[in-house]
Each structure stands twice: as C-alpha cells, then as structure tokens.
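Okay, so here's the structure we're looking at.
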Amino acid sequence: MPALRHIASGKVREIYEVDEERLLFVATDRISAYDVILNQLIPDKGRVLTGVSLHFFDYLDTPNHLVTTDLSDIPGLDDELEDLSGRTMVVRRAEVIPVECVVRGYLYGSSWREYREGGGPTTEHLPSGLLLADRLPEPIFTPATKAATGHDENITESETRQLLGDDLYEELRRRSIDIYLRAADYASEKGVILADTKFEFGFAGDELLLIDEVLTPDSSRYWPADEWVPGQDVPSFDKQFVREWLDATDWDRTAPAPDLPADVVAGTRSRYIEAYDRITGGSFDEYLASNG
Ligand SMILES: Nc1ncnc2c1ncn2[C@@H]1O[C@H](COP(=O)(O)OP(=O)(O)O)[C@@H](O)[C@H]1O
Ligand SMILES: [Mg+2]
C-alpha cells in the first residue's frame, strides 16, 4: 500500500495523508453485511463505488471534498498506481460531522421496523396507516449517530439539534433533502427508485462539504421501479443478493461471517457492475478503460 502515512481504516476504505489539507481516499473491495466485514473481496467493488461517487459529485455540483483522481503528482505512489487507479480520490481533509445524514423517501429497513413496533426516532413525523415500502408524503431527514463500532443508532430531531445546534441541523437537513430530491428525480428517469440514502458532511475550515461516498449502492437503497409493490419486500440491487445467501445460513450476524462461495462472489460482483451501469447510465467497462 502507499508510502503515505496511514490515517484510518473504515469497513470499506483506507485513508492516507497526502498533506495537511488533503487525503488519499481509497475504496477497497471489502464488503460488509449487517455491519460485519465479510472474509471475501468482491473484485472491482471499490471501483464501482468510486465511479458512482464521481458521477454524482459531477452531476450534483454541490460543494464537496473531491479534489482530483489524478494521482500522478502524489509523491511515492509509483508502485501502487495500478492498484489504486479507479478506486482512489484525492479529497479535502474535513472535520467529519458525527451524524449520518439519512434521507428516506420510502418506508423501509430500520424505519419500517420502528414504525411497525409503534414508532421510533425516524417515524416521529409520519402519518399512521403506511405500509412497508410505501412512498412517504415527502422525504424525511432521519439522522443516525456514527457508531465507532457496531450498528448506527437512529436519533430524534431534538437529539440531533442538541448535538449540532439548530443552525447546523437545519443546514444539513436542507442540503440532504435537496440532494436526495435531485438524485431521486435523476434515478426515476432511469427506472430506478432511490428509496433512501445516507450522506456525510464535514468542515474544511469554515466550508461545509459533502464528503465520503455519495449515492452509491453501499450508502443507498436503490430499487428497480418495476419491482416496487407497497406492502411487500422490494429486492434492491447489489447487496441483497449476498444478504439473501447469508440469511439462508445459520449465521448469527456476528463476526466472523461464513465464507462466501465463488459463485456468490461472482454474482455479487456482477450486480455491483450492473448497478454502476444502471445508476450512472454509463458503462463500467468504459469507466475501467479510462480509470482502471
Ligand atoms: N473528506 C474527508 N475527511 C475526513 N474523513 C472523511 C472524509 N470523507 C470521508 N471520511 C471518513 O472516512 C471514512 C470512510 O471509510 P468507510 O470504510 O466508508 O468507513 P465506515 O466503516 O465508517 O463506513 C468514514 O469514517 C468517513 O467519515
Ligand atoms: Mg462508509
């Protein structure tokens, strides 16, 4: 790996220091399910996530952390350039705001579980009588805390306001919902529903930037529009496949996970690549040809 100072490892990313203001943000091929990192890599998954994020940074044109994908000026990377290409961004180093900015347009996942069980932090502004996977009257901002280990925890509006202050809360909600609406419109033109997604923001000096990955299959729930039926489970792209395989084992969702057979790895890989093509309207082969 690069001869730069290693700063942090996330579940999926490795982060290195370029200089005081910039980081090397590398998406590996690791995959996590139920917050556990699986034992197998999904080849090119990190390139898919990086390609989708680059696509949306460009499309959204909102202040964000991307500096460049050109690594040729970064000292000390010569031997690693091939491994890093397509999966690496130079980004502005930010002070991460410790709240995951989740926006939901549909009732699913942890929010549906709260709703079904009588309500929780994400459902405080919802009407009664909604079904699983129903479209919400309007998108809702449902922040979660970034748990250092384990599962993220949904928090209420007043808890979030206490954590961030009213001004920052309102700014993050406004920006998150605005980006969600634009991305959801974009996706719907491609026959895809953006059911929910998660953003992270951070400060570089006093600039509030969209950071991390953006609108990827890992940070978002995308549904094929023609398979959406309110009241029923909806299959999402990508991770659903590996989750279903895991669910069919007797795994208790704590580490270590069972080993994925080669056909499950291959099937997952092809779903990520399909997701790239479908979500960006481009071709992953072309992405690799120019960035791989
Ligand atoms: N511009 C940035 N500056 C500093 N940290 C960042 C920036 N963008 C993203 N991060 C952080 O980098 C990490 C990304 O690694 P990832 O593997 O996705 O982590 P996680 O397991 O928390 O999802 C996250 O902790 C995220 O908050
Ligand atoms: Mg992450």
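Computation of the quantities below employed the complete heavy-atom set of this structure, encompassing side-chain atoms and omitting hydrogens, waters and symmetry-equivalent molecules. Order of appearance sets the numbers: ligands from 1, and atoms from 1 within every ligand. Positions are given from 1, in the same order as the sequence printed here.
Other residues, nucleotides and ligands contribute only 12 or fewer heavy atoms inside 6.0 Å of the CD atom of E21. A 6.0 Å sphere centred on CD of E170 holds more than 12 heavy atoms belonging to other residues, nucleotides or ligands. Atom CZ of R135 has 12 or fewer heavy atoms from other residues, nucleotides or ligands within 6.0 Å.
The closest side-chain heavy-atom distance from Y186 to L215 is not below 4.5 Å.
Scanning all protein heavy atoms for the shortest distance to atom 14 (C) of ligand 1 gives D212 OD1, 3.4 Å. Atom 7 (C) of ligand 1 has its closest protein heavy atom at I211 CD1, 3.8 Å. Here the heavy atom of the protein found nearest to atom 18 (O) of ligand 1 is R13 NH1, 2.8 Å. At the top of the distance list for atom 19 (O) of ligand 1, counting protein heavy atoms only, stands G10 CA, 3.5 Å. For atom 12 (O) of ligand 1, the closest non-hydrogen atom of the protein is I15 CD1, 3.0 Å.
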Next on the checklist: Using the rule given for side-chain hydrogen bond (donor to acceptor under 3.5 Å, both in side chains), can you reason through D196 versus S220, listing the C-alpha separation, both sets of side-chain angles and the distance that settles it, and then say yes or no?
Outcome noted: CA-CA 6 Å; D196 54 54; S220 316; over 6 Å; no

Next on the checklist: Apply salt bridge (Lys or Arg N to Asp or Glu O under 4.0 Å) to residues R87 and D29 and explain how you reach the verdict.
Outcome noted: CA-CA 9 Å; R87 62 173 76 252; D29 291 336; 2.9 Å; yes

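At least one N/O-N/O distance between V12 and ligand 1 falls below 3.5 Å. The shortest N or O to N or O distance between A94 and ligand 1 is under 3.5 Å. Remark: ligand 1 and R93 share no N or O pair separated by less than 3.5 Å (distance only, no angle test).
Taking hydrophobic clusters as Ile, Leu, Val, Met, Phe, Trp and Tyr residues chained together by side-chain heavy-atom distances below 4.5 Å, F201 does not share a cluster with L209.
Residue contacts with ligand 1, taken as heavy atom pairs separated by less than 4.0 Å, involve H65 solely via side-chain atoms from C-beta onward. Of the heavy atoms in L209, none comes closer than 4.0 Å to ligand 1. Only side-chain heavy atoms of V96 come within less than 4.0 Å of ligand 1; its backbone N, CA, C and O stay farther off. Under 4.0 Å from ligand 1, the heavy atoms of K146 that appear belong solely to its side chain.
Atom numbering of ligand 1 starts at 1 in the shown order; those under 4.0 Å from a heavy atom of L23 are 3 (N), 4 (C).
Considering all non-hydrogen atoms of both residues, N154 and A144 come closest at OD1-CB, 3.9 Å.
Considering each of E14, K11, E200, the one bringing a non-hydrogen atom nearest atom 20 (P) of ligand 1 is K11.
Side-chain rings of W223 and Y106 approach one another, their centers coming within less than 6.0 Å.
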